[in-house]
Amino acid sequence: MDTARELVLTLKQGNNSHVGYGLQKEGEALVGHILQNMLKSPLPTLVPETKNEEDSIRYREEGNQHFVMGDDTEAIKCYTMSLAYANDGELMSHAYANRSAALYRKQMFKECLIDIDSALDLGYPEEKRKKLKERGAKAIEEIKKKLKIKKDDPIDTEKLMNMCLSEKVTEVPITVRYRNGKTENKEEINKNGQINGNKEDSVNDCGIPPTKEKEPRYLADEGPLKLTYGPSKEAPAVSDGVTIAFSRKYGRHLVASKEFKPGDVVSFEDPYAHIIYTQKYYTHCHHCLSRSYNLIPCPKCPMSVYCSENCRSVAWDMAHQLECPILAVLGNLFNVDKDKVRMLTKIVRFLIVVTAKGKKITELREDMKVAECNPDNRTAGFTHEGILDSNNAQSALSLATNMTTRPLIGVSAFACISALGAILLSTQTNFFCKKYEMDQLKDIDNIPELKFCGSLMFRACVIMSSNCFTIQQEPGVKTGSGLYVTHSLYNHSCAPNTFRHFEGLTMITRALEPIYPGDQIFTGYGAAYAHMPRSERKEKIMQDYFFECNCPACSSDWPMYNEILQHHVGSISKNKELVEKLKSYKQRLVKNMYDIDAVKSVLGILYKEVSQPCEEIVHAEQYLKSYYLGKFNHMST
Ligand SMILES: C[S@@+](CC[C@H](N)C(=O)[O-])C[C@H]1O[C@@H](n2cnc3c(N)ncnc32)[C@H](O)[C@@H]1O
């Protein structure tokens, strides 16, 4: 605690409350001190979670119970777990075969065929293959029905698959064929610990591309995603017409220098580093976070599963080869609660990315020395080219830490988590060139970069706890957490003038209201006036982000959405002139509910003519958000 206090005091004296730089030396001292103390006392034994027959069978049986009860979704999840824990081809083949039954009943015939193919490929027992092939034949019949192919037409499975995807029938293929016979296991790891497999190949095990989700409506209407005024020169992830500003009160923040209309794209960006939430481990791809029913396992650990060979191999190269043994022990750590385990997975991922898997530690040290010397808060972490770069280590390390406003207890806890992260990396992986025994860590100076990397993880803790965004690719489904460098400059308002949505892992921010030159551009950190009472919001914002919110909704204590709608707060219904002005847009929407330009125009008019809170503004904002969040995609035209 004393070392943590010293660190915070030094930062306060240096007036360095906002940016990530200015704490490298002190961070190293703090983590080093904690590491030394941790290593003095006996550490808990680290027990890795491994693939094994018992768990694979247990999860398969659990899946069977759900299947019998008619809960196919839960059955599929259990069979995926059975697959992830399977330690040989036969167990895997059983998991695939059983999953195919649940997929068949769920009417996911293409997915069903993919699993049948994998089961047969992995040597599903001879005596059971007949039944599996019969299921395959029935699935094909169903697909043929869907494609309106005549019952007796002979058909080639692979061609059929491609036809299913394009949904176009141009020619009827000739034979029924499974891709069995080939028994080599694509999931083998070669001598260098790399997963074999073609990286370009964006297909699942049996050569069939994963189902493409329907394209979001806005992409069809607007064409490919682009920034409203093209990329800004200083921060290419935000639109030209947005500038980075700094003030004592707001820290770094974004200010408009051009006008943005509702729906305009203000910024979009891919994550610098991201992780999947543990609750989604066996339902979503660990790399792209998409929902998948044909997940395939990491060949080494029972934790990670992927939607395709491509995701599996990209994830392995990017980070998983180092994370794999760490994830295996994390779940079995005693006395470490879930939030700390989540933070550990985040900071290990961050360290792997920021150091390019440990290959660029020296280079990073040098770059950081230069970055530390920049006295200008506004341009902290700008690259040599003078930009805030979404993919750059210096830029990522420059994000707000809130070091001077955090409680000391939190600072100490983060230092302990980082020290534990350093121990795991050095004893479970080759990150520091070789795997160390716990005894060899007694003198931490034996490993030259241990303290430095520990301090980077400490910095990752303080940065990530104040800057990460929840990733929601489907409305209401929170799949993971990501650090988005440029988006981290948005300050919070409980009534923000923008909203966010996702396209894959890409986070997109659009104007919700008209934004004028000089306006600060805000996002919401999850405490929206719409759904949370003011007192709760204030508490949450103070606890998680350490500032007092003084947005209009907080200052004037706006009622929440349900009250606004129930009591018609601020309604324009008695303003005959305005109602008349909006009439034509209403008619356009009655004719075509997807006429989003009409909604944008309504919002533009309302914001000019009335003040918030206002019932009609709430309706129009909800409409606009629903359109971009994909809520309309499931409705029929
Ligand atoms: C994601 S960062 C936003 C960028 C940050 N202002 C910076 O300097 O890099 C979150 C932190 O910014 C500050 N912040 C965000 N919204 C704010 C607001 N409305 N008023 C004052 N500070 C705010 C808080 O310190 C918060 O923890």
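Remember, it's 1-based here, ligands and their atoms both numbered in the order they're listed. Everything numeric here is computed off the predicted structure, so don't read it as measured data.
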Task: Pair Arg291 + Glu474, salt bridge at N-O below 4.0 Å - done: no

TODO: Flag the pair Asp337 and Lys340 as a salt bridge only when some basic side-chain nitrogen lies within less than 4.0 angstrom of an acidic carboxylate oxygen.
DONE: yes

Open item on the list: In the structure I gave you, are the side-chain heavy atoms of Asp389 and Val485 within less than 4.5 Å of one another anywhere?
Closed with: no

Residue-level breakdown please: for [X] versus ligand 1, do any non-hydrogen atoms fall below 4.0 Å on the side chain, on the backbone, on both, or on neither?
| X | answer |
| --- | --- |
| Lys249 | backbone |
| Tyr250 | both |
| Tyr490 | backbone |

Task: Aromatic contact, Tyr281 with His286 (centres under 6.0 Å) - done: yes

TODO: Ignoring hydrogens, just give me the one of His492, Arg248, Arg406 whose non-hydrogen atom is nearest atom 19 (N) of ligand 1.
DONE: His492

Open item on the list: Going by the closest heavy atom to atom 3 (C) of ligand 1, which one wins out of Ser488, Gly381, Ser247, Cys551?
Closed with: Ser488

Open item on the list: Within the 4.0 Å heavy-atom shell around Asn402, which atoms of ligand 1 are there?
Closed with: 25 (O), 26 (C), 27 (O)

Open item on the list: So if I count the atoms of ligand 1 from 1 in the order they appear, which ones are less than 4.0 Å from some heavy atom of Asn467?
Closed with: 1 (C), 2 (S)

contact_flag [X] ligand 1 heavy-atom lt 4.0 Å:
| X | value |
| --- | --- |
| Ser466 | yes |
| Tyr525 | yes |
| Leu399 | no |

TODO: Kindly check if the number of other-residue, nucleotide or ligand heavy atoms within 6.0 Å of CD (Glu222) is above 12?
DONE: yes

Open item on the list: When you compare ligand 1 with Asn491, is there at least one nitrogen or oxygen pair between them that comes in under 3.5 angstrom?
Closed with: yes

TODO: Cation-pi check, Arg365 to Phe452: give yes when NZ or CZ is under 6.0 Å from the six-membered ring centre and within 45° of the ring axis, no otherwise.
DONE: yes

TODO: Dump the intermediate steps for salt bridge (Lys or Arg N to Asp or Glu O under 4.0 Å) on Glu372 and Lys369, then the final yes or no.
DONE: CA-CA 5 Å; Glu372 295 259 330; Lys369 272 189 204 149; over 6 Å; no

- [ ] Show your working on ring pair (Phe, Tyr, Trp, His ring centres under 6.0 Å) between Tyr516 and Phe260 and close with a plain yes or no.
- [x] CA-CA 7 Å; Tyr516 299 104; Phe260 289 88; over 10 Å; no

